[in-house]
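The structure under discussion appears below in the form of C-alpha cells.
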Amino acid sequence: MRKSVVLITGVNGEIGHGLVRALARKGVDNIIGIDLKGVDDFIQERTQDCLVGNILDRNLLERLNAQYEIEAIYHMAALLSTRAEFSPVIAHEVNVDGTLNLLDLAMEQAQSRGKPVKFFFPSSIAVYGLSSLEEKSSAGAPGEDDHRHPQTMYGCNKLYCENLGNYYGHYFKRLSAKDSGGLVDFRAIRFPGIISAHTLPAGGTSDFAPEILHAAAKGEQYSCFVREDARIPFMTMADAIHAIQLLMAAPQKALSQGVYNVRAFNPSAGEFLEKVREYYPDAKIDFVINDNRQSIIDSWPEDIDDNKARQDWGWAEVHDLEKAFSEYLIPEIRSRYEQS
Ligand code: AKB
C-alpha cells in the first residue's frame, strides 16, 4: 500500500519553513518536501523525506505519484516579483508550468484515490495592477474581483494560476465522459507582504519591511528602496500560516469562492520604520529609492478587502501592527539574534 503523505513544494522557502513548523507542532509527521536546493536541518528534522529537485521535472513528479498517496499539496515554490522581472521566461516556467504540473499530479492522485486532493496555492496582491498613484488612492481596498491588471510577470503568473486552479477544481476535461469536478479541491489565498521573525524573504518587492526590521535588529545599515509614503498591506508569517490552516480546515460548503484576500495592517514604509525605531532607536536606516521597484509597489493596492475570508472561514488576524511587534516579531527576533 502506498503511504499517505502531505506534499510541500518550495519547502525550504519562507512560507515552507513556517508551514512545516506549524504542521509539525500539530503532530503531522508525514510531510514530503521538494526544494530546488537541499533543505536545512530544521526542515529535515520535521519531515518524512525531502527531495532535491525541480517541479518542472516530470520524472520526479511521476516518481512521487507512483510512490505515495498524496492527500494534500501545499504548492509554495515560486519566483517572487523582483526576481521574476529579471528572468520573466524562467519565472513563467516555474510559476505557471510548475503549478500546472502540480495541479496535474493532484488530479491523477485524486482520480486514483477516488477522493479529492486538497491543493493550497499562495497567490498575491501582485495580481492587482493600478496605473497611477491617483488610481491607487481611489482604489482603496479592492475586493477579489477588482483591478486585476497585473504589471509584473509574477502577478500575471499568479492571476493565471488562480484561474488554472479553478479550471482543475470545477471544469477539468468537461467534454470527457468521466466527471472530474471537485476532485482537485483548490484553495488559494492572496497574500500581502509577509514579515517573518525567523527568515528573510528573497526576490520579492515587499521585502523592504522585513529587511528594515532584521537590519535594525542586527545593528546593520540598510537603505530602503521605496519612498517613505509607499503603502501596501502586510501580515506576520504567524498569521499567514494561521490563515492557511484555517482555509484548509474549512468545510468545502462554507467556501463561496476559491481565492481569498487576507491582510492584517498597512503602514507606509515610513510608519513601519517609526515602529521599528520604538524597539531599535539607533536603527541605521535611510531611503534610497529604486524607481523600478518603487513602480511595482505603486501598482499594488494600499490595502485589500478580506471580508469574504472573514465571513466564509472565520479569518481574523492575531497580530495587528502593535501586536505584530510586541507579541511576535520583537520577542522572537531578540531570542534569535541573541542566540547567534
Ligand atoms: C513579493 O514581493 O513578490 C511577494 C508578494 C507580495 O507576493 N512578497
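Both backbone and side-chain heavy atoms feed into the values below; hydrogens, waters and symmetry mates do not. Residues take their numbers from the sequence shown, with the count starting at 1. In each ligand, atom 1 is the first atom listed, and ligand 1 is the first ligand listed.
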>> As an exercise, identify every atom of ligand 1 less than 4.0 angstrom from a heavy atom of S124.
In response: 5 (C), 6 (C), 7 (O)
>> I want to check something: taking the side chain as every heavy atom from C-beta on, are T152 and T205 in contact at a cut-off of under 4.5 Å?
In response: no
> Among D29, I32, V28, I31, which one satisfies side chain to side chain contact (heavy atoms under 4.5 Å, CB included) with Q48?
Replying inline: I32
> Considering only heavy atoms of G204, which atoms of ligand 1 have at least one such atom less than 4.0 Å away?
Replying inline: 1 (C), 2 (O), 3 (O)
>> Tell me if the centroids of the rings in F234 and F208 come within less than 6.0 Å of each other.
In response: yes
> What about T205: any of its N or O atoms under 3.5 Å from an N or O on ligand 1?
Replying inline: yes
> Can a salt bridge be assigned to the pair R231 and E271 using a cut-off of 4.0 Å between side-chain N and carboxylate O?
Replying inline: yes
>> Need the ligand 1 atom indices (1-based, order shown) with element for anything under 4.0 Å from a heavy-atom of W300.
In response: 1 (C), 2 (O), 6 (C)
>> Could you tell me if Q294 and D298 have a donor-acceptor pair between their side chains, going purely by distance under 3.5 Å?
In response: yes
>> Aromatic contact between Y171 and Y167, with the criterion being ring centroids under 6.0 Å apart: yes or no?
In response: no
> Quick one: nearest non-hydrogen protein atom to atom 8 (N) of ligand 1, plus distance?
Replying inline: S206 OG, 2.9 Å
>> Under 3.5 Å between any N/O of T82 and any N/O of ligand 1: does that happen in this structure?
In response: no
>> Could you tell me, atom by atom, which parts of ligand 1 come under 4.0 Å of a heavy atom of S81?
In response: 1 (C), 2 (O), 3 (O)
